[in-house]
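Single-structure report; data block below.
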2 protein chains.
Amino acid sequence: MATISDVARAAGVSPATVSRVFNGGRVTAERAQRVREAADTLGFSPNRVARSLRTQRASVIGLLIPDIANPFFTALARGVEDAAQRTNLSVVLCNTDEDVDKERRYLDVALAEHMAGLVVAAASRRRTDLSAAAQRGMPVVAVDRRPRAAEVDAVMVDNQHGAEDATAHLIERGYRRIACVTGPAGASTSEDRLAGYRAALRDADVPDEWIRAHTRHADFRVEGGYTAMKELLALDVPPDAVFIANNLMTVGALRALREAGVAPPGFGILSFGDVPWASLVHPSLSTVHLPAYDLGEAAATLLQERIAGSAKPLQTVVLRTSLEPRNSTAGPG
Amino acid sequence: MATISDVARAAGVSPATVSRVFNGGRVTAERAQRVREAADTLGFSPNRVARSLRTQRASVIGLLIPDIANPFFTALARGVEDAAQRTNLSVVLCNTDEDVDKERRYLDVALAEHMAGLVVAAASRRRTDLSAAAQRGMPVVAVDRRPRAAEVDAVMVDNQHGAEDATAHLIERGYRRIACVTGPAGASTSEDRLAGYRAALRDADVPDEWIRAHTRHADFRVEGGYTAMKELLALDVPPDAVFIANNLMTVGALRALREAGVAPPGFGILSFGDVPWASLVHPSLSTVHLPAYDLGEAAATLLQERIAGSAKPLQTVVLRTSLEPRNSTAGPG
DNA sequence: ACTCGGCCTGAAATCGATTTCTCACCCGGC
DNA sequence: GCCGGGTGAGAAATCGATTTCAGGCCGAGT
């Protein structure tokens with residue numbers, strides 16, 4: 001591997017001159033030419049480790065996500081990656097598995113590695129701690145989930161509004177007994193979506209007591225959705241529709257519904273978050289589409305501004321969801 | 001951010017001693033204790049950039065995969081990640097998008113970043129070029145797909161055997177007109193799977209000419225599978241079963257089949273590679289299960305041996321697939 | 001008592017780039 | 001002819017760790 005000194009020697013100049021050629025310093029055209037030729041023949045490309053050490057800034061950003069198997073997060077990752085690539089940043093993808101300890105280990109690595117910045121979809125609203133990074137001046141952007149205590153930029157979706165819209169849509173279709181399966185009590189996403197669901201039902205004069213009795217908290221995973229749905233179906237008077245707060249739980253719920261022989265349009269299903277290949281499974285499944293790719297792109301762009309030194313006040317960008325209804329003519333009747 | 005000298009000063013020792021405390025040199029217990037206390041109070045963790053520069057080896061490995069949205073590769077990535085974490089390596093995940101240029105850019109980054117090694121699922125059998133890495137002594141393990149010219153370790157699945165088994169399974173069930181949708185002509189995976197399919201059919205005395213007429217090459221993506229399946233269904237005498245060479249094309253093919261009103265068990269479907277939530281879609285879909293996680297784990301383990309300096313001759317590890325039939329009593333009839 | 005090892009320790013070199021500092025040179029103006 | 005300003009280039013410092021080298025101390029053996 002050729003070093004900058006090798007190139008300097010080959011071109012008959014000093015290492016400083018070589019560095020200037022590649023970093024926009026003032027060098028006479030003739031010398032610059034010689035340096036470039038020498039670099040080409042030697043196959044030189046600057047050692048990024050040495051550069052990082054000297055300049056005190058890396059060309060790597062970290063992306064912490066809770067579940068790499070969830071298509072929502074892979075789409076988000078692609079958004080981050082595309083935005084990062086535009087300024088020659090590489091992305092280290094870290095899968096925290098919804099595990100706060102694993103997440104903290106990755107945070108430590110990011111700090112020791114002196115990464116340029118972090119995009120974090122927090123594993124927990126309450127227990128994720130981003131203060132260490134903030135303290136050491138490493139820019140952080142929270143995405144999708146905002147850890148409670150952190151003073152960081154954030155890019156979110158309008159969970160409450162999206163959920164309210166979606167639930168209202170079910171009501172318009174004529175469903176009357178609309179249950180809800182949401183995520184863990186701690187998570188901001190699950191609380192906001194639940195709040196939206198509640199708002200829509202209250203607006204339709206459904207009593208709070210009924211709402212509480214038909215709300216289930218699960219874990220944002222397939223199995224959790226399955227179990228919660230089974231519980232709801234076992235009620236004395238089961239619901240005629242359900243609002244489900246994420247895509248994986250929807251998959252589980254669909255299994256429970258199939259086992260119970262229940263299907264649209266007699267039973268209304270609304271998923272918050274796109275279910276992969278949902279059109280194959282249930283053509284009549286409505287979904288709230290989340291702009292996962294844009295979320296990642298916006299977060300990475302914001303992060304790059306901070307890395308470049310922007311001192312603007314903290315921002316929170318909120319992206320809107322969009323409802324994608326199917327089979328608009330059908331209803332419960 | 002505290003440096004090693006800060007710790008040294010605080011503990012009243014030299015930086016060398018601090019380094020030895022953390023890297024297993026011989027230091028008296030009393031001093032080591034003082035150093036550890038100083039490090040704790042200062043929140044010291046060694047700067048990995050400086051360490052990499054000095055030791056000439058990084059604690060980061062690169063993972064190049066062609067499609068992060070494919071569950072097969074995310075499972076593989078988790079295998080790599082878990083294995084890497086056991087020896088404190090971090091994984092940089094690079095999504096090449098089946099694009100050889102993008103892949104080459106990532107390879108260059110990996111070299112400039114002086115990563116410890118690479119696990120590569122090549123974007124192309126013919127055009128992916130791993131020689132630059134090999135030349136500079138960076139260990140590389142190919143996984144799932146083996147680039148033609150490269151002299152590297154590899155971890156593969158037994159594509160041909162798996163495909164042959166799967167096709168034989170369809171024959172046993174009584175299907176007689178078994179078509180095939182495979183991947184691009186260049187890819188090793190698609191060729192091997194096609195070969196297995198052919199072998200099984202030849203074994204059942206199906207003429208070569210018929211086989212050729214019922215084989216379609218597509219692009220390993222959803223749309224490709226859809227188009228190819230439509231073509232096959234439009235034949236004068238359409239097939240009564242199909243062997244599909246990867247999971248995403250199966251999704252497309254299923255859509256084509258649904259549109260044509262064709263379904264199991266009258267029509268036999270066999271997917272090479274697990275289709276996510278297939279049980280929801282079509283309970284009677286048989287799949288060849290690919291050990292994606294183990295593939296990644298084995299590759300990362302092999303890579304770590306090389307990084308540690310193993311000079312064993314090049315290895316190729318082949319993992320077996322397993323057939324997961326459903327609805328075993330049903331057949332075409 | 002003297003020497004020879006062995007074991008710790010700190011000083012200093014090192015990794016490969018960037019960047020500051022300094023100097024030499026050249027040009028133009030007075 | 002001399003001086004000032006501007007420009008380009010090299011020498012050397014620097015980033016933060018690891019590692020070599022050399023020396024100091026202590027204990028054991030003769």
Side-chain angles (χ1 to χ4, degrees), chain A residues 1-36 38-39 42-60 88 108-116 136-138, chain B residues 1-36 38-39 42-60 88 108-116 136-138:
Chain A
M1 194 72 191
T3 73
I4 201 171
S5 308
D6 298 335
V7 176
R9 207 167 13 246
V13 299
S14 77
T17 301
V18 178
S19 173
R20 281 190 271 259
V21 169
F22 288 108
N23 296 291
R26 307 197 58 82
V27 179
T28 50
E30 184 262 347
R31 263 158 202 270
Q33 181 59 23
R34 261 193 358 247
V35 167
R36 257 184 276 273
L42 291 175
F44 168 76
S45 82
N47 181 332
R48 292 203 188 193
V49 176
R51 168 181 290 177
S52 289
L53 178 59
R54 176 60 230 237
T55 61
Q56 298 292 45
R57 67 195 124 89
S59 51
V60 176
N88 290 319
D108 289 343
V109 171
L111 287 170
E113 205 79 67
H114 283 233
M115 292 181 185
R136 300 188 191 174
M138 180 178 293
Chain B
M1 192 73 190
T3 73
I4 200 172
S5 308
D6 298 334
V7 177
R9 205 166 15 246
V13 299
S14 76
T17 301
V18 178
S19 173
R20 282 190 271 258
V21 169
F22 288 107
N23 297 291
R26 309 201 58 82
V27 178
T28 52
E30 184 262 347
R31 261 158 201 272
Q33 181 59 21
R34 260 193 359 249
V35 167
R36 255 185 278 273
L42 291 174
F44 167 77
S45 82
N47 181 332
R48 291 205 190 193
V49 176
R51 168 182 288 177
S52 289
L53 179 59
R54 175 60 230 234
T55 61
Q56 298 291 55
R57 66 194 124 88
S59 51
V60 175
N88 291 319
D108 289 343
V109 171
L111 288 170
E113 205 77 66
H114 283 233
M115 292 182 186
R136 300 190 190 172
M138 181 178 293

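Residue numbers begin at 1 in each chain, while the letters A, B, ... track the order of the sequences.
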If we only count heavy atoms from C-beta on, is the [X] to [Y] side-chain gap below 4.5 Å?
X: A:Arg136; Y: A:Leu111; value: yes
X: A:Val13; Y: A:Arg34; value: yes
X: A:Thr3; Y: A:Asn47; value: no
X: B:Arg48; Y: A:Val109; value: yes

### Task
Look at the side chain of A:Arg51 and the base of C:dT18, then say whether one donor and one acceptor between them are separated by less than 3.5 Å.
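Donor-acceptor pair under 3.5 Å: no.
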Atom pairs under 3.5 Å: protein N/O with N/O of nucleotides 5-12 of chain C:
unit_1	atom_1	unit_2	atom_2	d
C:dC8	OP2	B:Arg26	NE	2.2
C:dT9	OP1	B:Thr28	OG1	2.9
C:dT9	OP1	B:Arg31	NE	2.6
C:dT9	OP2	B:Thr28	N	3.3
C:dT9	O3'	B:Arg31	NH1	3.4
C:dG10	OP1	B:Arg31	NH1	3.2
C:dG10	OP2	B:Ser14	N	3.3
C:dG10	OP2	B:Ser14	OG	3.3
C:dG10	OP2	B:Thr17	OG1	2.6
C:dG10	N7	B:Arg20	NH2	2.7

Interatomic distance, [X] [atom1] vs [N] [atom2] [rounded to whole Å]:
X: B:His114; N: C:dG16; atom1: NE2; atom2: C1'; result: 9 Å
X: B:Asn23; N: D:dT19; atom1: CG; atom2: C1'; result: 10 Å
X: B:Phe22; N: D:dA17; atom1: CZ; atom2: C1'; result: 12 Å
X: A:Glu113; N: D:dA17; atom1: CD; atom2: C1'; result: 13 Å
X: B:Arg54; N: C:dA13; atom1: CZ; atom2: P; result: 13 Å

### Phosphate-side-chain proximity, A:Asn47 and C:dC15, N/O vs OP1/OP2 below 4.0 Å
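No, no such contact exists.
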### Query
Is the phosphate of C:dT18, meaning OP1 or OP2, less than 4.0 Å from a side-chain N or O of A:Gln56?
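False: A:Gln56 side-chain N/O out of range (4.0 Å or more) of C:dT18 OP1/OP2.
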### Task
Rounding to 10 degrees, work out the angle separating the end axes of the helix from C:dA1-D:dT30 to C:dC30-D:dG1 (five pairs an end).
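Rounded to the nearest 10 degrees, the bend comes out at 60°.
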### Message
Under 4.0 Å, counting only non-hydrogen atoms across every strand here, what does B:Thr3 touch: a base, just sugar-phosphate, or nothing?
### Response
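Sugar-phosphate only.
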#### Entry: Sugar-phosphate, base or nothing in reach of A:Phe44, heavy atoms under 4.0 Å
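Sugar-phosphate, no base atom in range.
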### Message
Nearest 0.5 angstrom please: A:Leu53 CG to B:Arg54 CZ, how far?
### Response
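Going from the CG atom of A:Leu53 to the CZ atom of B:Arg54 covers 12.5 Å.
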#### Entry: From OG (B:Ser45) to NE2 (A:His114), nearest 0.5 Å
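The OG atom of B:Ser45 sits 6.5 Å away from the NE2 atom of A:His114.
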### Sequence neighbours excluded, every pair satisfying side-chain hydrogen bond (donor to acceptor under 3.5 Å, both in side chains) that has a member inside residues 11-25 of chain B
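Of all non-adjacent pairs touching residues 11-25 of chain B, those that pass side-chain hydrogen bond (donor to acceptor under 3.5 Å, both in side chains) are B:Ser14-B:Thr17, B:Ser19-B:Asn23.
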### Message
So does B:Ala116 get a backbone contact from the side chain of B:Arg57, meaning a donor-acceptor N/O pair under 3.5 Å?
### Response
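Here the side-chain-to-backbone pair does not exist.
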### Query
Closest nucleotide of DNA chain C for A:Val18 versus for B:Leu53: which of these residues is on the 5' side?
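In this pair, the answer is B:Leu53.
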### Query
Can you name the closest pair of heavy atoms from B:Pro15 and B:Ala8 and give their distance?
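That closest heavy-atom pairing would be N-CB, 3.5 Å.
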